[in-house]
Amino acid sequence: MSEHTASSPTNDEVDSSPDFLSCPPIFVLPTHLSLESLHEIEEDLVKRNARLTYDISEARLILGKIGQEKRAALELRSRGVWTEPISKYEPPTKRRRVEAQEPVKSARQDDIIDLSTETEDEEDGMRSRHGPSRHLNRPKPPSASASTPHPSIASSDQSDVISVVKLDWLNQCLQAQELLSIEPYLVYLARQIPSPAKPQPNQPTKTTTKSADILQRAKQDAVLQPPPPPPTHNHHSRTHTTHQPPPLPQTTTSEHDEVVSPHSPPPWVKNNIIYACLRSTPLHPPNEDFINQLLKIRHIRELTLDEIGVRAYSTSIAAIAAYPHEIRRSSEILSLPGCDTKIANLFHEYQHSANHTLATANELDISPSLQTLHTFTNIWGVGTKTARDFHYNHNWTTLDDIIEHGWPTLSRVQQIGLKYYDEFLQGIPRPETSHIAAIVTKHANRVRPDAGTPIQCAIVGGYRRGKPLCGDVDLILTHRDEHITKNLVVDVVASLESEGWITHTLVLHLMHSQRDQQTLPYRASDDSTAPGKNFDTLDKALVVWQDPHFDDSDHHHHHSHADTDSEEEKTRQKRKRNPNIHHRVDIIVSPWRTVGCAVLGWTGDKTFERDLRRYVKKTHGWKFDSSGVRERTTGGQVVDLEAGGETWEERERLVMQGLGLGWRDPEERCTR
DNA sequence: GGGCTGTACTG
DNA sequence: CAGTAC
DNA sequence: GCCC
């Protein structure tokens, strides 16, 4: 039917040929496609009766902007579809029966392992030798056998044979206005196999989105949506200052697409507030599931040394985390500062994927090398560089490998980090955190008996943001008298060490801003508390904490000599291992003068802190850090914003107001 | 096309 | 200086 | 990857 219409290229029929109805269910890989082109392609297909599906597991024909067999296998696998390559010329029906009956068998097992090994290769892009199978003949030019569709396109519908085909096939079909053989465009011909390890969350196959269905949605959306842009100019114009509706041609909505009115954008969206420190960001935002996917991608960026990627994802994540509605359309994403088509695309994928995951994010769980790197960077003192060195230069893949082959080469803190690997990864419950804070405070006051008023302790970090479990304990000790806080860290640590609370000191920071204050002229200060004191010492100790008390009850040990008992008791307790868990504790000491800055700087979440510094730089030309605010010019004059604050909470508030942030509760700084 | 937080310790 | 941590 |  396609041929006869070819003569009149301007009428409507041309537009809807060829007809893809005879093709098996089609899935379009979003990889390397903008949201716009993806939608365009999907629309093209739907218009021509294609059986488009958003559930890749039911697709038999997969179109994608990819050219390599290996890549194709990876794309499928990261979407939960495990495959093995088959020869193009092997009759696909034969093996299927065998497959269905045999569970997971010997020869196949090998294939699976091979496949997972490959992911590794894919990651670093370094070793790229063996593909899933040998390449067969390279595609011949489309003209050769083009006129009749490959029989397998139509018939393989039911089977477990999957064809991954270059997107170009579609373009050529549209141009020729007839179905062309997929064979010259075939990237990967595969058979679906059961996934090896994890039980694939077998989706109830719900989403065979019929063409009519989609068309309806598209129309519905077209009505709902503000006027779509003329199809000619495809670059989206983000005029943020005048908050125009997102100009994305929207073709699909969520599963239950009742007629929904668009969310009214929160003020920070309307005003295009790009700094996370100016927004309220709760610990559990409405789009947390999607954010968790993005966090995984960000983590992959970390592990692969893509710092800028990390930055970009952090920005996007922070914006989405601040968004107070459950997102229904990818166009909503486009309206958020720090989010553009990349993230909107990912949301589209997230929304339409059967399991609500992202292929890229899944690689973190699938890829052996990423998992190894992940394991290694979780060692305190081992960052991304060292982790990669361990893995790629030493070929270590487990912690035991490091211990066995590299122990003497490790730095002291890395050895400690390795020794308490599991314990440091345990979250610390809030009651335990406050208990630790109380003990530290007690010791602080014990080593400053003449302080007059007690030394105060602020629990900051994740605890202050409201997390039920914290990765470490962050404490700020302060006192109005600068003589009291001077050298306080050292004395507190020593005291805690002597009582057994601190087992190791990972690092001591004794940050003397002596030189800063030396070089700069004294500010005619209204309240210079201690004119003689030239340094503000914001000192900190990063330590390993363990409760020294434990139950060593050994009930059948009965002493015959009462007088030696206590002595015996002690030595025996020393010999017996303390089973209490080790924790990471940061003890920071701040002079009163800048305690507001310290508290603000340490309550954080990383993106909040970064954006805070960027904002302060941009708007005031100041330099913020947890030991104060300075001018960037003129040798760094101190800017005192917290003078007169009577409590550390009040001083933090003064700093925030002075910086132009207004007030934001700590629980609203969870930018991730 | 340039910028992306800012700082100190360790080895 | 590179690497790490906060 | 996104903003200015």
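This structure is a prediction, so every number in the text was calculated from the model and none was measured.
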Whole angstroms only, please: what is the [atom1]-[atom2] distance between [X] and [N]?
| X | N | atom1 | atom2 | value |
| --- | --- | --- | --- | --- |
| Asp539(A) | dT7(B) | CG | C1' | 13 Å |
| Glu609(A) | dT7(B) | CD | C1' | 13 Å |
| Tyr313(A) | dC3(D) | OH | P | 14 Å |
| Lys618(A) | dG3(B) | NZ | C1' | 10 Å |
| Leu538(A) | dT7(B) | CG | P | 12 Å |
| Glu302(A) | dG1(D) | CD | P | 15 Å |
| Leu600(A) | dT5(B) | CG | P | 16 Å |
| Asp625(A) | dG6(B) | CG | C1' | 6 Å |

Think [X] has a side-chain N or O under 4.0 angstrom from the OP1 or OP2 of [N]?
| X | N | answer |
| --- | --- | --- |
| Arg301(A) | dG1(D) | yes |
| Lys617(A) | dC4(B) | yes |
| Arg613(A) | dT5(B) | no |
| Lys342(A) | dG1(D) | yes |
| Arg614(A) | dC3(D) | no |

Applying side chain to side chain donor-acceptor pair (under 3.5 Å), can you list everything that pairs with Glu302(A), at least two apart in sequence or on another chain?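 Scan of Glu302(A) (side chain to side chain donor-acceptor pair (under 3.5 Å), adjacent residues dropped) gives none.
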Contacts of Asn287(A) that satisfy side chain to side chain donor-acceptor pair (under 3.5 Å) - sequence neighbours left out: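 Asn287(A) satisfies side chain to side chain donor-acceptor pair (under 3.5 Å) with no other residue.
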Closest nucleotide among [options] to the [X] side chain:
| X | options | value |
| --- | --- | --- |
| Leu510(A) | dG1(D), dC9(B), dT5(B) | dC9(B) |
| Ile308(A) | dT5(B), dC4(D), dC4(B) | dC4(B) |
| Lys623(A) | dC3(D), dT5(B), dT7(B) | dT7(B) |

When we call it a touch if two heavy atoms are under 4.0 Å apart, what does [X] touch: a base, just sugar-phosphate, or nothing?
| X | answer |
| --- | --- |
| Thr386(A) | sugar-phosphate |
| Gly309(A) | nothing |
| Leu305(A) | nothing |
| Leu508(A) | sugar-phosphate |
| Ile343(A) | sugar-phosphate |
| Val382(A) | sugar-phosphate |

Determine all donor-acceptor pairs shorter than 3.5 Å in which one atom belongs to a side chain in residues 402-412 of chain A; sequence neighbours excluded.
| residue | atom | partner | partner atom | Å |
| --- | --- | --- | --- | --- |
| His405(A) | ND1 | Asp401(A) | O | 3.2 |
| Thr409(A) | OG1 | Gly406(A) | O | 2.7 |
| Ser411(A) | OG | Gln414(A) | N | 3.3 |
| Ser411(A) | OG | Gln414(A) | OE1 | 3.3 |
| Arg412(A) | NH2 | Thr505(A) | O | 2.5 |
| Arg412(A) | NH2 | Leu506(A) | O | 3.3 |

Say we look at dT5(B) and dA5(C): how far apart would their C1' atoms be, to the nearest angstrom?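 Roughly 14 Å separates the two C1' atoms.
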Among residues at least two apart in sequence or on other chains, which ones pass salt bridge (Lys or Arg N to Asp or Glu O under 4.0 Å) with Asp389(A)?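 For Asp389(A), no residue satisfies salt bridge (Lys or Arg N to Asp or Glu O under 4.0 Å) once neighbours in sequence are set aside.
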Sort and list the pairs that fulfil side-chain hydrogen bond (donor to acceptor under 3.5 Å, both in side chains) and have at least one residue in residues 465-478 of chain A, not counting sequence neighbours.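 Passing the test, one end in residues 465-478 of chain A: Arg465(A)-Asp605(A).
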Test item: [X] and [Y] side chains (from C-beta on) under 4.5 Å apart, heavy atoms:
| X | Y | value |
| --- | --- | --- |
| Arg672(A) | Leu294(A) | no |
| Glu642(A) | Val595(A) | yes |
| Glu497(A) | Trp501(A) | no |

Return whichever of Trp380(A) or Lys385(A) has its heavy-atom-nearest nucleotide of DNA chain C closer to the 5' end.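 The answer here is Lys385(A).
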Provide the start and end nucleotides, 5' to 3', of the part of DNA chain C that has atoms under 4.0 Å from heavy atoms of chain A.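 Boundary nucleotides touching chain A, in 5' to 3' order, are dG3(C) to dC6(C).
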Taking all non-hydrogen atoms of both residues into account, name the closest pair between Pro337(A) and Arg279(A) and its distance.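 Nearest heavy atoms, Pro337(A) then Arg279(A): CG-NH1, 3.9 Å.
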Nearest-nucleotide 5' precedence on DNA chain B, Asp611(A) against His509(A):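 Checking each residue's closest nucleotide, the 5'-ward one belongs to Asp611(A).
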